[in-house]
Visitor: 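Below: one structure in C-alpha cells.
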Amino acid sequence: MDKLLVEGGTPLHGEVRISGAKNCALPLMAATLIATGKHRFGNVPRLRDIMTMRTLLAHMGAVSDHDGALEVDTSDIHTLTAPYELVKTMRASVLVLGPMLARYRRARVSLPGGCAIGARPINLHLKALEQMGVDIELEHGYVVGEARRLKGAAIRFEQVTVTGTENIMMAACLADGVTVLENAAREPEVICLANYLVCMGAQIEGAGTDTITITGVRELRPCSCEVIPDRIEAGTYLAAAAITGGSLKLTGCSREHVQSVVQKLLDAGVSIESGSDFLEVRANGRVRSVDIETQPYPGFPTDMQAQFMALMTIGDGVSVIKEHIFENRFMHVLELERMGADIQLDGRTAIVRGVKKLSGAPVMATDLRASASLVLGALAAEGTTEINRIYHLDRGYEAIERKLSAVGARIERVNG
Ligand code: EPU
C-alpha cells in the first residue's frame, strides 16, 4: 500500500493551480443518466472518485472517455442498479438514484451504510422521493424505487443535505408539476448542477438560495459545461501556506466560494489578497488561535475542519472547534496527537491548545479530509512523518504530492 513520507519544516512558496471540484463533477456525471446521448464536461479532476463514478456509469451501460474533457454517452443504458461494491467505496454513488427514477421510473441502489465520518443515512432522500410518488422498498440491502409517474411535491428537508438536494432536484426535473424544495443546500456545487440541468432544458429557479422551485418538463437533452474550481482544495492550500509560514498564489479559483475560510485565516493573522480568479496568501509568523464552527454553505465547511484544526495545533492560544455536520468527524485528532498536538475532545467539540512545534511521526489517514490534515501537520512538523493509507487522499486531491513538491515541499510517495 502506498504511503507518503514528508520531511517537514520548509515554508511553501510559489503557484498552485486549483483543480475542478470533485463534489461538483460527481453530481454532473450522475445527471447524465437523465438525458440520452453525449454529455461533455470540462475541468474534471483526475481522481479515484471520478474513476469510481465512471465505473458505476459503465456498469449501467454508459460509455465515457476522459481525454481532456470528460465525455459521457448514455445512449445505451441497460442496467438500473448501483451495486454494493461501488456504493461502499463511494457514497456519492447514491446520486444516481434521482436521475434513474426521473428517466426510467425505476432504480436499485445499494444502501451506503456508515462511514468513517458518521452514520450518514439517506433517509431524507428517500422520504422526499416517497412524497413524489415513488414506492421505496428495502430488499437485501438495496433501496428499490419504482414509480408509475413522478409528481411534483412540496418538500421541506429537516436538515440541510447537499446530495439530498441534488438528488431530488434531478428527480423533479422530469416530474409532473412543480416541486418546491425548502431548506435546500446552497452550496456552489448545487448551483453548478442546477445550471447544467437548465442547460439540458430543465426549469429551475432559486438554486443557491434555500428554496428551489423545479417545474417538470417532458424531456431533457445532453449539454456541456465546466466544473467549478474545488473550494476545499483551495482552502487546503491556503492552510498549507499558513501552517508552513510560506506564501502561495492559487490560480483558477475564486474568493467567493472560500470566503468563510478566508475570513478565519484573516482572523488568525494571515494575509490574503485576491483577484477575479486567484488568491494570494502569505503567513505572518505564528498564527493566532481562532474558533470555528462548521455549518452548511456559506458557513465554515465541515470539509475544511480537519485541515483548519491542523493549523490550530500550532496556533498561539486556544481554539475551540465545533463540528455540527457530522457526529464522528474527529478521527484525525488522535493522529495529530501522535505528532505532538494538544487536543481535548468533548462530544462534537475539540479544544486545541496551540503548541510551538509538531514533530514527525508515523500516522494513519482515516478519510479524505483527515488525510489532508495530516499532510498539513507533516509539512509543518520537525522531522519526517510517514502517512499510511493515503488512498483516501487520491479520492479527492489531484496530484497532491506533485503540486506540493512544485512549491518546495519535501514529500515523496513510496510503495509498501
Ligand atoms: N443526513 C441525514 N439524512 C440524509 C442525508 C443527510 O441525516 O438523508 C445528515 C448527514 O448524516 C449529515 C448531514 O445530514 O449529518 C449533512 O449531510 P449531507 O447530506 O449534506 O452530506 P452529503 O451530501 O452526503 C456532501 C459532500 C461531503 C460533505 C457534505 C457536507 C458530496 C459528494 N459530498 O455529502 O463531502 O462533507 O456534503 O458538506 O458532495 C468530502 O468531500 O470529503 C465529503 C465528505
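Quick note: numbers below take in every heavy atom, side chains included, and nothing from hydrogens, waters or symmetry partners. Every number for a ligand or one of its atoms is a count from 1 in the order of the listing.
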Visitor: What about Leu368: any of its N or O atoms under 3.5 Å from an N or O on ligand 1?
Guide: no
Visitor: Check Glu398 with Arg46, please: is the shortest side-chain N to carboxylate O separation under 4.0 Å?
Guide: no
Visitor: Using a strict 4.0 Å cut-off to heavy atoms of Lys22, name the atoms of ligand 1 that fall inside it.
Guide: 40 (C), 41 (O)
Visitor: Is the closest N or O pair between Leu26 and ligand 1 shorter than 3.5 Å?
Guide: no
Visitor: What I want to know is whether Thr161 and ligand 1 share at least one N or O pair that is separated by under 3.5 angstrom.
Guide: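 Right, the criterion is met.
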Visitor: Just jot down the ligand 1 atoms closer than 4.0 angstrom to any heavy atom of Val160, in number order.
Guide: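 Those qualifying, in numeric order: 16 (C), 20 (O).
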Visitor: With a 4.0 Å cut-off on heavy atoms, is Lys127 in contact with ligand 1?
Guide: no
Visitor: Going by an N to O cut-off under 4.0 Å, is there a salt bridge joining Glu233 and Lys22?
Guide: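 No, this pair does not count.
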Visitor: Quick check on contacts: which atoms of ligand 1 are under 4.0 angstrom from a heavy atom of Thr302?
Guide: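 Matching atoms, with element in brackets: 30 (C), 36 (O), 38 (O).
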Visitor: For ligand 1, which atoms, with element, lie under 4.0 Å from some heavy atom of Ala92?
Guide: 32 (C)
Visitor: At the 4.0 Å heavy-atom cut-off, does Arg329 count as touching ligand 1?
Guide: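 Heavy atoms of Arg329 do come under 4.0 Å of ligand 1.
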Visitor: Against Asp394, only a single residue in Arg389, Arg413, Arg48 fulfils salt bridge (charged side-chain N to carboxylate O under 4.0 Å, His left out); can you say which?
Guide: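 Among Arg389, Arg413, Arg48, the one meeting salt bridge (charged side-chain N to carboxylate O under 4.0 Å, His left out) with Asp394 is Arg413.
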Visitor: Which ligand 1 atoms, with their elements, are less than 4.0 angstrom from a heavy-atom of Gln159?
Guide: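 Counting from 1, the qualifying ligand atoms are 7 (O), 9 (C), 13 (C), 14 (O), 15 (O).
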Visitor: Does one side chain, of Asn183 or Asp210, offer a donor that lies under 3.5 Å from an acceptor on the other?
Guide: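 The criterion, which ignores hydrogens and geometry beyond distance, is not satisfied for Asp210 and Asn183.
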Visitor: Considering distance alone, does some N or O of Ile325 sit under 3.5 Å from an N or O of ligand 1?
Guide: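 Yes, at least one N or O pair falls under 3.5 Å.
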Visitor: Please report the C-alpha distance between Leu404 and Val375 in whole Å, then the side-chain angles of each, then the deciding distance to 0.1 Å, and finally whether the side chain to side chain contact (heavy atoms under 4.5 Å, CB included) criterion is met.
Guide: CA-CA 10 Å; Leu404 283 172; Val375 172; 3.7 Å; yes
Visitor: Going by the order shown, which atoms of ligand 1 are within less than 4.0 Å of some heavy atom of Ile122?
Guide: 4 (C), 8 (O)
Visitor: From the options Gln305, Lys322, Glu323, select the one residue that forms a side chain to side chain donor-acceptor pair (under 3.5 Å) with Thr294.
Guide: Glu323
